[in-house]
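What follows is a single structure, written as structure tokens, with notes after it.
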Amino acid sequence: MKKALTTIIFLVCIGTFCFSGWKLYEILSEYKNGTDIYHSVLDEVTVPVPTDSSTPSGSADSPETTQVQLINLDALKQINPDAAAWITIPDTNISYPVLTPDDNYTYLHTTINGKQNKAGCIFVDCRTENPFANANTIIYGHNLLNGAMFCELTNYEKENWRAGHPLIYLQTENGLDTYRVFSCYKTTDGSATYNYNLQLNTDEYQNYLHMVLNHSLFASDISPSAAEPIITLSTCTNDDEHERFIVHAVKNNT
């Protein structure tokens, strides 16, 4: 009787292990399909780098931008009219289109080409009136187990990694903009971090900047003024359903 019970427990454990392994395989396979979609999109919309110039046309006047691959935004909009920008953090997996949807749900599990996939899209909070021009543009992306989408944002809490990735690039119809990371921290969804209705050159916005600097996991030598727009990147921590990891970066106007 004892031997039979042991055998049953063993078989149940094996069955549970196999089922869990299969579910993990399904999840990772779906993530890979999503990643493949974005690799294909990147190949389709990449602008060839001129061989006779060290600085790509349309980039900022800085040697820093030579490491950023420019995107044909018109071609990108042909894939999806909601595409409004391309975000890049050099030497990471973060190189994706940024969409401006009518709601904050459609692209949670829908890719840029309309495929249902848990990778979803990188997208701007739909309540933002003037994306990339107003005081605070909030951008969402998933934290996937395979390192895709906004997964690597959580590395900003590591000093060495943060020092090696101080810049974020956004290419919009107005050109290629450089943003400098000045704050990162954990918060909860719906917190004061997600204030999308801020206006430049106001006390409210200056107070917001003070708040995010005070929350930061590191002391930055960058202190944005109320005249400078920022981007707020948000992703899940995967530790708690409501916990989010935040990275703030200020637009470099020099």
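Since this is a predicted model, take the numbers as computed values, not measurements. One is the number of the first residue; the rest follow in order along the sequence.
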Exercise. With sequence neighbours left out, what residues match D203 under side chain to side chain contact (heavy atoms under 4.5 Å, CB included)?
Worked result: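 Per chain and number, D203 pairs via side chain to side chain contact (heavy atoms under 4.5 Å, CB included) with no residue.
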
Problem set entry | Which residues share a side-chain hydrogen bond (donor to acceptor under 3.5 Å, both in side chains) with E243, sequence neighbours left out |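 side-chain hydrogen bond (donor to acceptor under 3.5 Å, both in side chains) list for E243, sorted by chain: T237.
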
Problem set entry | side-chain hydrogen bond (donor to acceptor under 3.5 Å, both in side chains) partners for T232, two or more places apart |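 T232 satisfies side-chain hydrogen bond (donor to acceptor under 3.5 Å, both in side chains) with N136, H248 once adjacent residues are dropped.
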
Could you pull out all donor-acceptor pairs under 3.5 Å where a side-chain atom in residues 217-229 meets a protein atom, sequence neighbours excluded?
| from | atom 1 | to | atom 2 | distance (Å) |
| --- | --- | --- | --- | --- |
| S220 | OG | I222 | N | 2.9 |
| S225 | OG | A227 | N | 3.3 |
| E228 | OE1 | S225 | N | 2.8 |

Exercise. Heavy-atom distance under 4.5 Å between the side chains of L153 and C151, does that happen here?
Worked result: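 They are not in contact (no side-chain heavy atoms under 4.5 Å apart), so the answer is no.
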
For this session: Determine whether L213 and F182 make a side-chain contact, defined as any pair of heavy atoms from C-beta on separated by less than 4.5 Å.
Result: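 Yes - at least one pair of side-chain heavy atoms lies under 4.5 Å apart.
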
Problem set entry | Main-chain N/O of V47 paired with N72 side-chain donor or acceptor, under 3.5 Å |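 Side chain of N72 to backbone of V47: no pair is present.
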
Exercise. Is the backbone of A133 close enough, under 3.5 Å, to the side chain of N130 for a donor and an acceptor to pair up by distance?
Worked result: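 Looks like no, no N/O pair under 3.5 Å.
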
For this session: For R244, enumerate each residue passing the salt bridge (charged side-chain N to carboxylate O under 4.0 Å, His left out) test, keeping only those at least two apart in sequence or located in another chain.
Result: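 By the salt bridge (charged side-chain N to carboxylate O under 4.0 Å, His left out) rule, R244 matches D189.
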
Problem set entry | Pairing residues for D125 by the salt bridge (charged side-chain N to carboxylate O under 4.0 Å, His left out) criterion, not counting sequence neighbours |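 Checked D125 against salt bridge (charged side-chain N to carboxylate O under 4.0 Å, His left out); matches are R127.
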
Exercise. Tell me, which pairs form a ring-ring contact (aromatic ring centres under 6.0 Å, His included) where one or both residues lie in residues 224-243, sequence neighbours left out?
Worked result: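 Applying ring-ring contact (aromatic ring centres under 6.0 Å, His included) to every pair that reaches into residues 224-243, excluding sequence neighbours, yields nothing.
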
Exercise. What pairs meet the salt bridge (Lys or Arg N to Asp or Glu O under 4.0 Å) rule with one or both residues in residues 71-80, with sequence neighbours excluded?
Worked result: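 Output for this query is empty, none listed.
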
Ring pair (Phe, Tyr, Trp, His ring centres under 6.0 Å) involving [X] - partner list, sequence neighbours excluded:
| X | value |
| --- | --- |
| H109 | H142 |
| Y107 | none |
| Y38 | Y96 |

Mind listing the side-chain donor-acceptor pairs of residues 192-200 below 3.5 Å, one per line with the distance, residues two or more places apart or on another chain?
| from | atom 1 | to | atom 2 | distance (Å) |
| --- | --- | --- | --- | --- |
| T193 | OG1 | Y185 | OH | 2.8 |
| Y194 | OH | S234 | OG | 2.7 |
| N195 | OD1 | N197 | N | 3.1 |

